Every structure is written in structure tokens, then in C-alpha cells.
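Worksheet for the structure shown next.
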Amino acid sequence: MAKCENRNNMSLHQQVKDQIKEAMKAKDTIKLGVVRGLTTGFMNELVATKRTPQDELTDEEVLNVIRKAVKQRKDSIDQFTKGGRMDLVEPEQAELTVLESYLPAQMPREEVMKIAQAKMAEMGVTDKSKAGMFMGALMKDLKGKADGDVVKSVVDELLN
């Protein structure tokens with residue numbers, strides 16, 4: 001987590017909420033929009049899990065909300081790029097950068113490859129017939145540590 005080290009053991013939920021004031025003081029409109037969006041996402045998650053808006057999400061739940069927002073930005077960037085709307089790609093890219101600063105560092109592809117090769121040998125996977133099972137087991141092991149797209153491309157490479 002680059003900029004968001006745990007300040008005095010403060011929960012990630014509280015850290016993100018505190019960033020609203022910091023972004024306002026710094027007049028950082030992009031970051032302000034992102035953190036406001038995240039706090040709304042936290043509120044929605046609390047309501048969805050039948051808790052009150054005054055409750056706090058666990059760090060894992062907060063990371064899930066952030067990952068969901070990251071995925072949405074990546075999908076938008078992809079769609080805007082395909083549609084030739086580069087003017088819309090830039091703001092999404094800026095928001096994505098802010099969101100990713102809250103996530104733990106993702107494992108490099110080489111590391112994912114080593115783990116995947118070991119898992120493949122452990123499970124005895126030799127062809128595409130067990131690809132789904134292999135991918136599922138690998139994602140379970142790498143949850144939150146590696147990007148799903150990277151894991152998928154490694155699995156595809158290993159099984160081809």
C-alpha cells in the first residue's frame with residue numbers, strides 16, 4: 001500500500017474517509033471524487049450486509065469495494081478506447097491510479113508463473129480439461145495478491 005500505510009492502526013475504512021478532508025484541502029478534485037465514490041460504496045456494502053451506516057467495514061471488505069471500483073474503471077477505459085473516446089479515457093485512468101494506491105502491491109507476472117507451475121504439478125493438471133478447476137484453485141491461493149487478468153493469461157500460456 002503505497003500512500004496509505006496504516007496510520008496508528010486506523011482501519012482502512014477510516015483512512016479512506018479521512019482522505020476526503022485531505023483531498024479537499026489540497027483541492028485535488030480527482031482524488032476527492034474517488035474517495036467520495038468509495039465512501040458511497042462502503043455505505044452501500046454496509047446496507048447490503050444489513051448493518052448501519054455508522055458501522056465500519058473490515059479491511060478485507062474495504063479492499064473488495066476498491067477492487068470492484070478498479071475493475072469498473074478498467075472496463076470503462078477498455079470500452080472508451082474501443083470507441084475512440086480518448087478524452088474519456090484520461091479521467092478514468094487518473095481515477096484508476098488513485099484507486100490502485102489503496103491496494104496492496106500486486107504480484108509480478110514471473111512470481112505468478114512460478115506459483116502456477118508449482119500448483120499445476122501439485123494438481124497434476126496437464127491439459128485444458130481441468131483449466132477451470134486449476135484457475136479456481138490458483139485464484140483462491142492468489143486472492144488479493146495478483147491481478148486476475150495476469151493469472152488468467154499465465155494459466156492460458158501454461159495450458160497451450
Side-chain angles (χ1 to χ4, degrees), residues 1-113 115-116 132 134-157:
M1 276 197 242
K3 294 177 226 155
C4 264
E5 290 306 317
N6 237 359
R7 299 184 199 154
N8 308 328
N9 295 327
M10 190 186 302
S11 73
L12 195 50
H13 187 137
Q14 193 56 51
Q15 285 178 48
V16 173
K17 283 174 73 174
D18 288 353
Q19 300 264 316
I20 291 177
K21 288 179 225 131
E22 289 175 26
M24 286 171 105
K25 286 178 188 169
K27 294 182 175 28
D28 185 342
T29 54
I30 292 170
K31 186 170 187 172
L32 182 60
V34 169
V35 289
R36 280 184 170 156
L38 285 176
T39 52
T40 301
F42 299 163
M43 198 75 65
N44 292 342
E45 185 65 26
L46 285 167
V47 171
T49 54
K50 305 212 181 328
R51 290 181 276 179
T52 68
Q54 289 74 32
D55 290 336
E56 272 196 12
L57 295 174
T58 65
D59 283 358
E60 192 52 46
E61 289 171 317
V62 167
L63 288 172
N64 286 337
V65 171
I66 295 171
R67 282 188 200 106
K68 208 179 296 177
V70 164
K71 187 177 183 331
Q72 288 170 339
R73 295 312 181 291
K74 285 181 176 176
D75 289 347
S76 296
I77 289 168
D78 187 44
Q79 292 300 315
F80 292 147
T81 304
K82 284 178 183 167
R85 294 295 309 269
M86 298 319 282
D87 57 317
L88 297 175
V89 169
E90 276 181 45
E92 292 287 326
Q93 189 63 55
E95 289 179 11
L96 179 62
T97 304
V98 172
L99 286 166
E100 286 177 335
S101 74
Y102 291 104
L103 294 174
Q106 297 293 294
M107 198 178 280
R109 184 183 168 83
E110 300 75 47
E111 195 79 15
V112 173
M113 181 62 84
I115 293 170
F134 177 46
M135 180 74 183
L138 206 50
M139 283 308 293
K140 190 174 165 203
D141 289 355
L142 298 174
K143 182 170 173 55
K145 297 178 196 161
D147 185 299
D149 294 336
V150 172
V151 176
K152 186 182 183 322
S153 76
V154 164
V155 167
D156 289 345
E157 187 180 320

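Here the structure is a predicted model, which means the values were calculated and not measured.
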Please examine the side chains of [Y] and [X], heavy atoms only from C-beta on, and report whether any two atoms are closer than 4.5 Å.
X	Y	result
Met24	Ile20	yes
Gln106	Lys145	no
Pro91	Ile30	no
Arg67	Lys71	no
Pro104	Leu63	yes
Val65	Lys68	no

[X] and [Y] ion-paired at < 4.0 Å:
X	Y	result
Glu22	Lys17	no
Lys74	Asp147	yes
Glu157	Lys152	no

Quick one: pull up [atom1] in [X] and [atom2] in [Y] and give me the separation to the nearest 0.5 Å.
X	Y	atom1	atom2	value
Glu56	Leu12	CD	CG	10.0 Å
Gln72	Glu92	CD	CD	9.5 Å
Thr29	Arg36	OG1	CZ	10.5 Å
Leu99	Leu38	CG	CG	5.5 Å
Ile66	Asp59	CD1	CG	9.0 Å
Gln54	Leu46	CD	CG	9.0 Å

Taking the side chain from [X] and the backbone from [Y], do they hold a donor-acceptor pair closer than 3.5 Å?
X	Y	value
Asp28	Ala23	no
Gln14	Ser11	no
Asp55	Thr52	yes
Arg73	Ala69	yes

Self-check item: Nearest atoms (heavy-atom pairs only) where Arg109 meets Ser153
Solution: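 Where Arg109 meets Ser153 most closely, the heavy atoms are NH1-OG, 2.5 Å.
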Self-check item: Taking every non-hydrogen atom, the tightest pair across Thr58 and Glu61
Solution: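 Heavy atoms of Thr58 and Glu61 come nearest at N-OE1, 2.8 Å.
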Quiz prompt | Pairwise ring-ring contact (aromatic ring centres under 6.0 Å, His included) hits with a residue in residues 22-61, at least two apart | solution =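 Only His13-Phe42 qualify under ring-ring contact (aromatic ring centres under 6.0 Å, His included).
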Exercise. May I ask you to check whether over 12 heavy atoms, not counting those of Glu90, lie within 6.0 Å of atom CD?
Key: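 For Glu90, atom CD is not crowded (no more than 12 foreign heavy atoms under 6.0 Å).
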Quiz prompt | Test log, rule side chain to side chain donor-acceptor pair (under 3.5 Å), inputs Gln15 and Tyr102 | solution = CA-CA 10 Å; Gln15 285 178 48; Tyr102 291 104; over 6 Å; no
Exercise. Run the numbers on Val34 and Gln19 for side-chain contact (heavy atoms from CB on, under 4.5 Å), then give the verdict.
Key: CA-CA 10 Å; Val34 169; Gln19 300 264 316; over 6 Å; no
Exercise. Go through the steps to decide whether Asp75 and Gln79 satisfy the test side chain to side chain donor-acceptor pair (under 3.5 Å), and finish with yes or no.
Key: CA-CA 6 Å; Asp75 289 347; Gln79 292 300 315; over 6 Å; no
